[in-house]
Each structure stands twice: as C-alpha cells, then as structure tokens.
Amino acid sequence: MQCIQYTGNNYDEIKRFCGDKVLAPYFCMGFSMLSLETAEGWVSVNEGDFIVKDSSGVLYVG
C-alpha cells in the first residue's frame, strides 16, 4: 500500500502517482480540490486528504 497527501500545491506528484485517474485541480470557496476516479466512481479530494493506492493499484481517499 502506498499513499500521498494532497497539499494543494503538489499536483505534479499526484498526477505521477495516480496517472489518468485524476483531473486537474479546481478551486472552490478558497480551497484547491481534485477529482479522483476510484472503484466507486469519481470522488473529490480536498487539501489535506490522502490518496491511497492498494497493492492492486486501486485508488481511494483515506
């Protein structure tokens, strides 16, 4: 299992970690957010959230 924290300023790292399962950041109410494709569908990732990749490569917000 691997994880990375979204800080709002590390999109390039997140993109390398998630590949094509992440969309570019957008801003909402003063905060940076991402959209991440998971097994359950697309979810929002807020600043401070961790993105986890299990041994199968499945992503989720933890």
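Grouped by direct or indirect side-chain proximity (heavy atoms under 4.5 Å, Ile/Leu/Val/Met/Phe/Trp/Tyr only), Val52 sits with Met1, Tyr60. Annotation for Val45: hydrophobic cluster partners, listed by chain and number, are Ile4, Tyr6, Tyr11, Ile14, Phe17, Val22, Leu34, Leu36, Val43, Ile51, Leu59, Val61 (ILVMFWY side-chain heavy atoms under 4.5 Å, direct or chained). Other residues sharing the hydrophobic cluster of Trp42, ordered by chain and number and joined by side-chain separations under 4.5 Å: Leu23.
Side chain of Glu47 to main chain of Ser32: a donor-acceptor pair is present (N/O by atom type, distance under 3.5 Å, no hydrogens or angles). A donor-acceptor pair under 3.5 Å links the side-chain atoms of Thr38 to the main chain of Glu40, judged by distance alone. Here the side chain of Lys53 pairs no donor or acceptor atom with the backbone of Gly57 at under 3.5 angstrom.
No more than 12 heavy-atom neighbours from other residues, nucleotides or ligands sit within 6.0 angstrom of NZ on Lys21. Applying the 6.0 Å contact sphere to OH of Tyr26 captures more than 12 heavy atoms from other residues, nucleotides or ligands.
Between Ser44 and Asp49, the shortest heavy-atom distance links the atoms O-OD2, 4.4 Å.
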